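Keep in mind the model is a prediction, meaning the values are calculated, not measured.
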Amino acid sequence: MLEPLGINEFDESVYRAFLTQADLCLHEYARTAGTSLECVRKAVTRLVGLGLLRPNGSGSHRPVGPGTALTVLLNRRRLEAETAFAHVLSIVEDLEEEYRAYRVRTDPGNLVEVLSGRDVVAQRIDEFNQSVNTHVWILDRPPYHDRADGLPHTNEAEKTSTAAWARRGVDIRSVYCPESMQRPGRFETVLEMVALGEQARMLPSLPFKLHIIDRRVALVPLAGGVYDNLAVVHPSGLLDALIELYETYWTKAVPIGAPGPDANEAGPTSEEIALLTMLRAGLKDQAIARHLGLSTRTATRRIAALMTRLDATTRFQAGVEAGARGWI
């Protein structure tokens, strides 16, 4: 049962005997177990080395509680496994790079892989998402693909994926545009994903959709209004150019997020944060109204009320004052 921790079945039985019998006699245990005293002594030596038994100074041994000893051993084995897997992953990446380099030399057409068909595209994107290791960088705008199981993406599914990546320490960056927020509740979902660990920014417009996975592959839809053709760009000068292009858009984009650390009890409401973020990103009243589920007239009134609260006469002044107060 404890073999994954490096404890064989016989050693485990010896350890269990120490746990349930005070002053265990090794001679008696060997006779009862039908083995030699030498085998029992070797098991004791191994258990001492693993931290499950300790000499008590009188020539015998006492057990270390399993809650302590086995937990320490489990953590040690987990660290060893993670280190080994990280080493293997590094080798896999090196082999993949060598393989790609060979394919590029023999056939430059392998630099870009073109996928056709919604099912094929959805399946490949799902594979890439599951293989994420270090980076997910996104220029987000329609169109959106269906999942590999044929179901549409939802806000909850998006948060689940983001949370899983964040727990693994993935660098998650997304640049959104107004068209990104057409799905009901998407803006609030983005704010929640920021709280989970995503870095989110916004621009008034984006020219195309782009996913960069681990800085080793880029996914670019080939047709603007549909998602049934996809270019997969592998390590190359073209991929380097797409990464540099992404970083340019990222630098220009306006951060999306909760109020800064200087916000106090008199700070903004969640709706005011949303208003300020969308105003800062350059969204018009009509777009803001749609994202908040309001009429355009109501959205305009609430923007005006926010400006009054900030003692601002222009929207630019409102943004400056909100920043000075640590609201955005």
> Does Asp214 use its side chain to pair, donor to acceptor, with the backbone of Thr134 at less than 3.5 Å?
Replying inline: yes

> Are Trp165 and Asn129 side-chain neighbours, meaning at least one heavy-atom pair lies under 4.5 Å?
Replying inline: yes

>> Keeping Thr71 on the side-chain end and Thr68 on the backbone end, is there a donor-acceptor pair under 3.5 Å?
In response: no

>> Are there over 12 heavy-atom neighbours, none belonging to Arg54, within less than 6.0 Å of that residue's CZ?
In response: no

>> Under a 3.5 Å distance rule, please check whether Glu12 uses its side chain to pair with a backbone N or O of Leu2 as donor and acceptor.
In response: yes

> If Ile, Leu, Val, Met, Phe, Trp and Tyr residues are connected whenever their side-chain heavy atoms lie under 4.5 Å apart, and connections chain through other members, are Tyr249 and Leu239 in the same group?
Replying inline: yes

> Are there more than 12 heavy atoms of other residues, nucleotides or ligands under 6.0 Å from atom CD of Gln286?
Replying inline: no

> Side chains of Pro221 and Phe208: closer than 4.5 Å at any heavy-atom pair?
Replying inline: no

>> Please find the pair of heavy atoms, one from Val232 and one from Val217, that lie closest to each other, and give the distance.
In response: CG1-CG2, 3.4 Å

>> To the nearest 0.5 Å, what is the distance between CG on Leu73 and CG on Leu5?
In response: 5.0 Å

>> Using only atom types and a distance under 3.5 Å, with no angle test, would you say the side chain of Ser90 pairs donor to acceptor with the backbone of Ala86?
In response: no

> Same cluster or not: are Leu306 and Val254 linked, directly or through other Ile, Leu, Val, Met, Phe, Trp or Tyr residues, by side-chain heavy atoms under 4.5 angstrom apart?
Replying inline: no

>> Go through it in stages, so that I can follow the logic: the residues are Asp140 and Arg186, the test is salt bridge (charged side-chain N to carboxylate O under 4.0 Å, His left out), and I'd like the CA-CA distance, side-chain angles, deciding distance and then a yes or no.
In response: CA-CA 12 Å; Asp140 185 286; Arg186 183 81 189 286; 3.1 Å; yes

>> Under the side-chain contact (heavy atoms from CB on, under 4.5 Å) test against Leu230, which residue among Val114, Leu219, Val120 passes?
In response: Leu219

> How far apart are the C-alpha atoms of Leu203 and Arg201, what are their side-chain angles, what is the distance that settles it, and do they pass the side chain to side chain contact (heavy atoms under 4.5 Å, CB included) test?
Replying inline: CA-CA 7 Å; Leu203 284 171; Arg201 297 186 178 185; over 6 Å; no

>> Could you measure the distance from the CD atom of Glu158 to the CD atom of Glu156? Nearest 0.5 Å is fine.
In response: 10.5 Å

> If you look at every heavy atom in Asn133 and Val170, which pair is closest and at what distance?
Replying inline: O-CG2, 3.8 Å

> What do the steps show when you test Leu70 against Leu52 for side chain to side chain contact (heavy atoms under 4.5 Å, CB included), and what is the final call?
Replying inline: CA-CA 7 Å; Leu70 294 179; Leu52 275 67; 4.0 Å; yes

> When rounded to the nearest 0.5 angstrom, what is the spacing between CG in Asp119 and CZ in Arg124?
Replying inline: 15.0 Å

>> Could you measure the distance from the CZ atom of Phe10 to the NZ atom of Lys42? Nearest 0.5 Å is fine.
In response: 11.0 Å

> Are Ile7 and Val64 connected in the hydrophobic side-chain network, where two residues link if heavy atoms are under 4.5 Å apart?
Replying inline: no

>> Is there a side chain to side chain contact (heavy atoms under 4.5 Å, CB included) between Val132 and Arg168? Walk through the geometry before answering.
In response: CA-CA 10 Å; Val132 168; Arg168 301 207 308 267; 3.9 Å; yes

> What closest approach, in Å, do Ala318 and Ala312 show between heavy atoms, and which atom pair accounts for it?
Replying inline: N-CB, 3.4 Å

> Which pair of heavy atoms, one from Ile172 and one from Ala166, lies closest together, and at what distance?
Replying inline: CD1-N, 3.8 Å

> What distance separates Ser13 OG from Phe18 CZ, expressed to the nearest 0.5 Å?
Replying inline: 11.0 Å

>> Looking at Glu127, I want to see if its CD is surrounded by more than 12 non-hydrogen atoms of other residues, nucleotides or ligands under 6.0 Å.
In response: yes

> How about Gln130 and Asp126: does a side-chain donor come under 3.5 Å of a side-chain acceptor?
Replying inline: yes

> Is there side-chain contact between Met202 and Met181, with heavy atoms separated by less than 4.5 Å?
Replying inline: yes

> Which pair of non-hydrogen atoms, one from Gly65 and one from Tyr15, has the smallest distance, and what is that distance?
Replying inline: C-OH, 3.7 Å

>> I'd like to know if Glu80 pairs up with Arg76 as an ion pair, taking the criterion as any Lys NZ or Arg NE/NH1/NH2 lying under 4.0 Å from an Asp or Glu carboxylate oxygen.
In response: no

> Which value, rounded to the nearest 0.5 Å, describes the distance between Asp171 atom CG and Ile212 atom CD1?
Replying inline: 11.0 Å

> Between Phe128 and His211, is any pair of side-chain heavy atoms under 4.5 Å apart?
Replying inline: no

> What do the steps show when you test Leu238 against Leu111 for side chain to side chain contact (heavy atoms under 4.5 Å, CB included), and what is the final call?
Replying inline: CA-CA 8 Å; Leu238 179 57; Leu111 286 174; over 6 Å; no

> Would a 4.5 Å heavy-atom cut-off, applied to side chains only, mark Arg41 and Thr45 as touching?
Replying inline: no

>> Grouping I, L, V, M, F, W and Y whenever their side-chain heavy atoms are under 4.5 Å apart, do Val175 and Ile243 come out in a common cluster?
In response: yes

> Listed by chain and number, what are the ring pair (Phe, Tyr, Trp, His ring centres under 6.0 Å) partners of Tyr246, not counting sequence neighbours?
Replying inline: Trp137

>> Show the nearest heavy-atom pair for residues Val48 and His61, with the distance to one decimal.
In response: CG2-CD2, 3.6 Å

>> For the backbone of Arg16 and the side chain of Thr20, can you confirm whether one donor and one acceptor N or O come within less than 3.5 Å of each other?
In response: yes

>> Hydrophobic cluster membership, with links at side-chain heavy-atom distances under 4.5 Å among I/L/V/M/F/W/Y: are Tyr29 and Leu19 in one?
In response: yes

> Under a 4.5 Å cut-off applied to non-hydrogen side-chain atoms, are Val190 and Thr277 in contact?
Replying inline: no

